[in-house]
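None of the values given here were measured: they were computed from a predicted structure.
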Amino acid sequence: MSATTGAGMFRSLRGHDYRLWASGAIVSNVGTWMQRTTQDWIVLTRFTHHDAFAVGVTTALQFGPQLFLSPLTGYVADRVPKRTLLTITQASMAVLGLGLGLLVLTGTAALAEVYGFALLLGIAASFDAPARQSFVSDLVGPDDVSNAVALNSASFNLARLLGPSVAGLLTEAVGPGWVFLINSASFAGVLISLRFIHAPAFDEAGRPTRSFKDIGEGFTTVVRRRDLAVVFVLVAVMGTFGLNFPIYASTMAVLFGQGATGYGLLSSALAVGAVTGALLSARRPAPRFGLLVLASALFGIGLLLGSLAPSYLWLAIVLPIVGVASQTFMTTANGLVQMGVDREVRGRVMALYMATVMGGTVVGGPLVGWVANALGPRDGLVVGAAAGVVVAIIGAVHQHRLAVHPAPALHTD
């Protein structure tokens with residue numbers, strides 16, 4: 001890779017503030033993925049007898065609040081200074097990780113407690129996510145927003161690469177309780193970085209509210225914009241029926257007779273592709289709608305191949321394809337939405353976006369878990385593959401209509 005290409009791919013890291021944030025976030029994200037992996041594993045193997053539906057319920061509890069609280073959390077993200085809000089949410093998640101770790105270590109945790117902590121973590125994350133998603137433009141110039149969004153995704157997925165593998169090893173070596181405690185400590189990295197960010201906009205609150213109706217501006221913005229609405233529909237289908245990776249990895253690991261380490265390695269195989277997809281997105285000057293169609297089709301093909309895997313190794317080789325496709329799809333969608341709205345409503349729009357991505361698991365997680373229980377883990381992957389194909393068809397139809405009847409839209413190929 002040439003120096004020029006590398007400088008373009010990582011250009012946002014030249015800025016002091018973004019570099020600080022990225023360095024703290026990677027530490028925290030590794031811990032978060034360690035906790036998520038271990039949490040799903042103990043639900044599947046310790047508190048139930050390989051019940052994929054229970055894993056789906058845990059996932060739904062953790063991400064459901066982003067669906068139901070999105071109008072409020074987006075409103076808060078646009079009104080409260082980002083430094084203050086992120087400090088509160090990150091510290092809250094650190095305390096929750098500590099609490100769950102202590103319960104597991106003392107042997108007092110049960111499935112109900114894991115469900116409860118998943119819900120509380122979901123509430124904290126629902127306030128955290130729109131602030132994290134919308135503050136990037138405060139740390140970098142307008143020309144680097146797309147690059148910074150992609151690098152955020154790369155950081156998140158690099159952590160997703162490292163976290164599950166480390167979690168699997170530590171779960172078998174020292175036990176799941178210590179994994180939760182390590183996650184709690186990992187939040188120190190991002191809390192320290194928040195303290196030293198200099199960007200003035202990071203401490204600015206949004207404009208004073210005119211009325212409580214301002215909460216709905218994010219929804220109104222999306223409804224009035226056909227280009228945004230189509231992206232949200234595609235993300236909703238993919239998020240609900242396709243992005244159920246904890247269920248895919250955990251149930252297929254059990255199917256092939258693997259333990260916690262094998263489960264973690266499957267999650268990391270997905271993350272290898274996701275990191276690659278995010279870095280490829282960082283090289284592009286701007287997100288393009290055509291990539292959504294291509295990535296969703298590749299996602300469907302990858303999961304279909306995974307459902308046919310004759311061995312654990314075959315599955316581990318196929319999953320990076322799914323990771324590249326899913327991350328290309330999500331990074332492109334995220335960039336299209338962020339670059340398509342004004343800063344004044346970006347927090348509310350991104351809260352709705354995160355609700356669409358994560359909130360879909362309230363329905364999709366338990367449903368795919370039920371399919372995996374009733375028909376087998378392979379059929380769970382088939383559901384995800386079908387979602388990718390459906391999204392590709394919807395996107396292709398929209399693209400064709402734009403070609404016939406051009407209209408103001410986000411970047412399209």
- Task: Not counting sequence neighbours, which residues clear ring pair (Phe, Tyr, Trp, His ring centres under 6.0 Å) with F180? List them please.
- Result: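 With sequence neighbours excluded, F180 shows a ring pair (Phe, Tyr, Trp, His ring centres under 6.0 Å) to no residue whatsoever.
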
Pairwise distance [atom1]([X]) to [atom2]([Y]) - rounded to 0.5 angstrom:
X	Y	atom1	atom2	answer
T251	R378	OG1	CZ	10.5 Å
L298	L291	CG	CG	11.5 Å
Q90	D128	CD	CG	4.5 Å

So do [Y] and [X] actually touch side chain to side chain, heavy atoms under 4.5 Å?
X	Y	result
Q62	R36	yes
L266	L315	yes
M252	L381	yes
V104	R46	yes
V391	F241	no
F329	S326	no
Y248	N244	yes
N183	W33	no

Which atom of [X] lies closest to which atom of [Y], heavy atoms considered:
X	Y	result
D40	T58	OD1-CG2, 4.1 Å
F245	F299	CZ-CE1, 3.8 Å
S184	G97	CB-C, 4.0 Å
V254	H50	CG1-ND1, 3.7 Å
S126	T73	O-CB, 3.2 Å
I247	A372	CG2-CB, 4.5 Å

With no hydrogens and no angle check, is any side-chain donor or acceptor of [X] less than 3.5 Å from a backbone partner on [Y]?
X	Y	result
S23	L20	yes
Y312	L255	no
T328	A295	no
T89	L86	yes
E113	A110	yes

*Less than 6.0 Å separating the ring centroids of W41 and Y263?*
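Yes: the rings meet the under 6.0 Å criterion.
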
Quiz item: Going by the side-chain hydrogen bond (donor to acceptor under 3.5 Å, both in side chains) test, which pairs reach into residues 253-262, not counting sequence neighbours?
Solution: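 Listed by first then second residue: E172-T261.
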
